[in-house]
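Heads up: the structure comes next, in structure tokens.
Note that the structure is predicted; figures quoted are calculated from it, not measured. We name chains A, B, ... by the order of the sequence lines, and we start the count at 1 in each one.
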Number of protein chains: 4
Amino acid sequence: MSDMMETLRNEEKMTPKQIEIVKAAIELFSEKGYYNTSTSEIANRAGVAEGTIFRHYRTKKDLLVAIVTPVITNFSAPVFAKKFVSQVFQNDYEHFEDLLYAFIKNRFEFAQSNLPLIKILLQELAFHPEIQTAYKKEFGEKVIPAFNQALDFYKEKGELRDLPNETMIRMMVTTILGFMITRFIVQSDKDWDDETEINQTIAYIMGGVGKKG
Amino acid sequence: MSDMMETLRNEEKMTPKQIEIVKAAIELFSEKGYYNTSTSEIANRAGVAEGTIFRHYRTKKDLLVAIVTPVITNFSAPVFAKKFVSQVFQNDYEHFEDLLYAFIKNRFEFAQSNLPLIKILLQELAFHPEIQTAYKKEFGEKVIPAFNQALDFYKEKGELRDLPNETMIRMMVTTILGFMITRFIVQSDKDWDDETEINQTIAYIMGGVGKKG
Amino acid sequence: MSDMMETLRNEEKMTPKQIEIVKAAIELFSEKGYYNTSTSEIANRAGVAEGTIFRHYRTKKDLLVAIVTPVITNFSAPVFAKKFVSQVFQNDYEHFEDLLYAFIKNRFEFAQSNLPLIKILLQELAFHPEIQTAYKKEFGEKVIPAFNQALDFYKEKGELRDLPNETMIRMMVTTILGFMITRFIVQSDKDWDDETEINQTIAYIMGGVGKKG
Amino acid sequence: MSDMMETLRNEEKMTPKQIEIVKAAIELFSEKGYYNTSTSEIANRAGVAEGTIFRHYRTKKDLLVAIVTPVITNFSAPVFAKKFVSQVFQNDYEHFEDLLYAFIKNRFEFAQSNLPLIKILLQELAFHPEIQTAYKKEFGEKVIPAFNQALDFYKEKGELRDLPNETMIRMMVTTILGFMITRFIVQSDKDWDDETEINQTIAYIMGGVGKKG
DNA sequence: TATGAATGAGCTTTCATTCAT
DNA sequence: GATGAATGAAAGCTCATTCAT
């Protein structure tokens with residue numbers, strides 16, 4: 001839980017009760033969904049009066065957005081921060097495969113320790129235009145450009161097929177997200193050998209986008 | 001719309017009003033989600049009294065389930081019906097790639113003409129245990145076995161890598177679903193060259209699961 | 001009470017419960033004011049579930065407006081209807097004083113049997129732009145023109161001073177309203193000799209606007 | 001605003017924050033009414049914490065009463081103070097008309113510089129028994145007696161008709177208040193020639209209560 | 001004196017569901 | 001089968017007031 005509160009970041013400015021509210025909301029939203037969770041339930045679990053929620057968040061939806069928006073940023077952004085891109089060009093990752101491994105590993109761990117947040121994001125994305133907007137902005141302005149740089153770099157190196165970046169990104173993202181959703185949500189109770197699965201996923205992707213021979 | 005009503009199948013037994021109710025519910029559920037749609041709105045759009053809905057469906061959730069359950073069966077099942085499997089073994093599809101093409105093409109068209117139904121399924125799956133159960137049953141009892149037969153067949157033929165079927169299925173399903181979700185939901189407004197995209201998707205999958213050389 | 005329901009007019013189209021709701025609302029709004037009356041109180045007194053109120057009136061304010069708007073029309077309009085104006089010109093009222101008497105008498109009786117409605121109107125006018133708009137429209141389009149015709153007629157006859165109509169109307173309306181408010185609201189418990197008071201009011205007005213000698 | 005604070009009188013004993021609270025409350029109450037103004041809004045506009053309001057006024061209603069009560073005294077009283085009455089008997093006003101002019105002029109100016117306060121008084125009078133009581137006390141104990149003295153004096157002088165004082169007071173007050181309400185509230189945006197209107201009002205009153213010939 | 005987080009009762013409103021016709 | 005008025009529980013939200021600091 002403390003991991004997640006870090007993801008939400010501005011913990012310092014929060015009162016103890018507000019932190020309890022956010023924690024309770026995360027639990028309930030991820031378990032039962034936004035519409036199946038009442039504010040009185042949240043207040044109850046947070047050990048707080050219902051009115052207290054509305055001192056901190058004007059509406060129930062504001063609370064949802066306050067929870068979900070940082071996840072969008074933190075789920076997609078960090079790896080694409082300057083540091084990461086520069087690592088690519090400094091040859092920290094000799095092959096695209098190495099980059100892929102670092103990336104998936106990193107995001108896998110993020111997902112693991114922020115599971116409830118990610119569940120909320122996935123479940124509610126369809127219903128809240130505010131969240132969709134934030135997601136599109138993040139993806140369009142940060143993720144795509146960073147991906148483009150990296151893909152161009154490794155294409156130049158002759159490691160990747162001559163497919164449009166857009167197509168490649170879609171396929172990779174799809175494969176990675178699909179793996180994580182299966183791993184953490186659809187079949188979370190299965191006994192997984194994560195290291196093997198990650199490597200198989202990388203192999204699958206490389207088979208699809210990497211240059212043969 | 002009539003395509004979709006076919007998917008729901010038991011149209012014959014429905015009164016005209018009931019058909020209107022289901023049509024209205026499909027539209028509204030897929031546009032705004034189950035929880036954002038009120039029964040009075042459904043009644044309104046169906047041109048029916050609110051009470052009429054409850055003559056046909058004991059609860060609002062019953063209406064949802066009545067709409068969604070057939071989609072599960074129809075989205076996954078038909079291709080795996082006896083006819084389909086026998087086609088595989090009768091060498092109707094010489095290569096796995098051919099099977100894949102037929103499969104994706106067929107499901108792509110189904111998705112296209114049942115888009116609202118599939119949106120409802122995807123959006124609500126997370127929140128309704130009844131739907132999850134139906135989905136798991138269908139997937140476990142029909143899809144997996146059929147896939148297994150086909151994969152074993154083409155493995156034997158030396159066309160597929162020696163990966164666990166489960167892994168292969170997950171990756172293929174993920175890739176295909178991811179393609180369709182992008183195509184029809186996330187970026188439905190983009191200008192798509194469907195034939196090209198389908199072929200690239202097949203190439204991507206074959207790269208990942210096909211035997212090299 | 002049945003008098004008042006007539007004022008509201010469209011009783012025919014109302015369900016019995018709706019009539020009870022309106023009656024209860026009139027009582028409570030006039031006794032305690034709009035903001036001091038809760039919808040649960042109204043429902044209670046009307047012997048109705050709270051939800052029933054909102055089947056008939058989308059919001060609490062809609063209920064207020066539905067009650068108040070007809071009062072505006074009925075308080076100001078009827079006397080100025082065609083019939084009334086034509087009576088003026090057919091010499092039904094030989095002197096302005098006679099017209100005044102008929103007018104005050106008629107409005108006095110209307111006020112008497114619609115007291116709660118008029119209290120609501122006076123009390124809430126200040127706070128609800130919707131009501132102000134309705135009132136201004138009614139006054140500007142019906143009352144003023146009718147008054148103008150009558151005043152011009154009796155000015156021609158040499159019975160009225162040469163004051164601007166606007167000023168005369170303001171003074172007369174003020175005097176008449178002031179009388180009624182004192183009579184029915186401020187000092188409603190006093191023992192009034194209505195006939196005398198009405199005549200004195202007329203005399204006061206005639207002293208102020210009538211031609212001397 | 002400083003004019004109004006004078007009206008409220010005990011400014012000396014107020015802390016700066018308290019003064020801000022009162023100013024903010026006057027603005028908001030007069031603009032939107034007591035029930036549409038929240039204490040948090042007042043605190044906000046006053047630049048003060050919400051709790052601070054309740055250090056100075058036990059309840060929100062106390063704040064209203066603290067604002068409105070002095071207005072009642074100051075709106076009606078000053079003219080009837082000893083000084084004023086003695087002026088009457090010292091023949092400072094030869095004719096009743098002169099007294100009337102001085103009175104209306106003086107109250108007109110008071111109203112002009114205390115408009116928000118007077119709006120609050122008029123708007124809230126109907127809903128708060130505390131205010132009604134204060135108003136009745138003031139009117140009964142100060143205004144009526146002073147008026148009686150003056151009216152008797154000018155009746156003796158043969159300038160006024162032989163109407164009951166009560167009736168005359170009612171009519172005069174009604175006319176004067178009605179004029180001011182029209183001037184400052186109902187049609188405050190109209191272009192007024194105040195001097196002319198005041199004189200016409202006096203003429204109207206004199207026509208109604210003055211002795212003919 | 002001033003703060004502002006916290007309270008909880010109470011508000012208006014929504015909505016799935018019932019039932020007499 | 002169809003209606004639609006009525007229900008009442010529960011929702012989200014407001015707000016005057018308290019109190020530890």
**Message:** If you compare every side-chain N and O of A/Arg55 against the phosphate oxygens of E/dA5 (OP1, OP2), does one of them come in below 4.0 Å?
**Reply:** yes

**Prompt:** Over how many whole Å does the gap from B/Gln18 atom CD to F/dA2 atom P extend?
**Reply:** 8 Å

**Request:** Starting from C1' on E/dT18, measure out to CD1 on B/Ile53 and report it in whole angstrom.
**Result:** 14 Å

**N/O donor-acceptor pair under 3.5 Å between C/Thr69 side chain and C/Ala66 backbone** = no

**Message:** If I take atom CD in residue B/Glu50 and atom P in nucleotide E/dT14, what distance separates them, rounded to the nearest angstrom?
**Reply:** 13 Å

**Request:** Please tell me which of A/Ala49 and B/Thr37 maps to the more 5' nucleotide of DNA chain E, matching each residue to the nucleotide holding its nearest heavy atom.
**Result:** A/Ala49

**Asked** Once you round it to whole Å, what is the distance between P of F/dC13 and CD1 of A/Ile42?
**Response** 10 Å

**Request:** Would you name the heavy atoms of C/Pro116 and C/Ser30 that are closest together and state the gap between them?
**Result:** O-CB, 3.4 Å

**Request:** By nearest nucleotide on DNA chain F, pick out whichever of C/Val48 and A/Glu41 is the more 5' one.
**Result:** C/Val48

**Complete:** If pairing means Watson-Crick or G-U wobble with both distances under 3.5 Å, then the partner of F/dT21 is E/dA2

**Request:** Map C/Phe54 and A/His56 onto DNA chain E by nearest heavy atom, then report which one ends up closer to the 5' terminus.
**Result:** A/His56

**Under-4.0 Å side-chain N/O to phosphate OP1/OP2 contact, D/Ser40 with F/dA16** = no

**Request:** Using the side chain to side chain donor-acceptor pair (under 3.5 Å) rule, take B/Glu50 and B/Ser40 through it: C-alpha gap first, then chi angles, then the decisive distance, then the call.
**Result:** CA-CA 6 Å; B/Glu50 217 173 332; B/Ser40 86; 4.8 Å; no

**Request:** Output yes when at least one side-chain N/O atom of C/Thr39 is less than 4.0 Å from OP1 or OP2 of E/dT12, else no.
**Result:** yes

**Request:** Would you kindly give the NZ-to-C1' distance between C/Lys13 and F/dA5, to the nearest whole Å?
**Result:** 18 Å

**Message:** Judged by each residue's nearest nucleotide on DNA chain F, which is more toward the 5′ side, D/Gly51 or B/Pro16?
**Reply:** B/Pro16

**Message:** Looking at A/Lys61, I'd like to know if its NZ atom is crowded, meaning that more than 12 non-hydrogen atoms belonging to other residues, nucleotides or ligands lie closer than 6.0 Å.
**Reply:** yes

**Asked** Is any side-chain N or O of D/Thr59 closer than 4.0 Å to OP1 or OP2 of F/dA16?
**Response** no

**Request:** Would you indicate, yes or no, if E/dT12 has its OP1 or OP2 atom less than 4.0 angstrom from a side-chain nitrogen or oxygen of C/Lys60?
**Result:** yes

**Message:** Measure CD/C/Glu20 against P/F/dT7 and give the value in whole Å, please.
**Reply:** 12 Å

**C/Thr52 side-chain N/O to F/dT7 phosphate OP1/OP2 under 4.0 Å** = yes

**Request:** Determine, step by step, whether A/Tyr35 and B/His128 satisfy the ring pair (Phe, Tyr, Trp, His ring centres under 6.0 Å) criterion, reporting the C-alpha distance in whole Å, the side-chain angles of both residues, the deciding distance to 0.1 Å, and the verdict.
**Result:** CA-CA 12 Å; A/Tyr35 291 109; B/His128 309 274; over 10 Å; no

**Asked** Within the structure, does a side-chain N or O atom of C/Lys17 lie under 4.0 Å from either OP1 or OP2 of F/dT7?
**Response** yes

**Complete:** For F/dT7, the nucleotide meeting Watson-Crick or G-U wobble distances (both under 3.5 Å) is E/dA16

**Message:** Expressed as a whole number of angstroms, how long is the span from A/Asn36:CG to F/dG12:P?
**Reply:** 11 Å

**Asked** Are there more than 12 heavy atoms of other residues, nucleotides or ligands under 6.0 Å from atom NZ of B/Lys32?
**Response** yes

**Asked** How long is the line joining CG of B/Leu63 and P of E/dA16, in whole Å?
**Response** 11 Å

**Message:** For a quick check of understanding: with a heavy-atom distance under 4.0 Å over all strands, which category does C/Ser38 fall into, base, sugar-phosphate or nothing?
**Reply:** sugar-phosphate

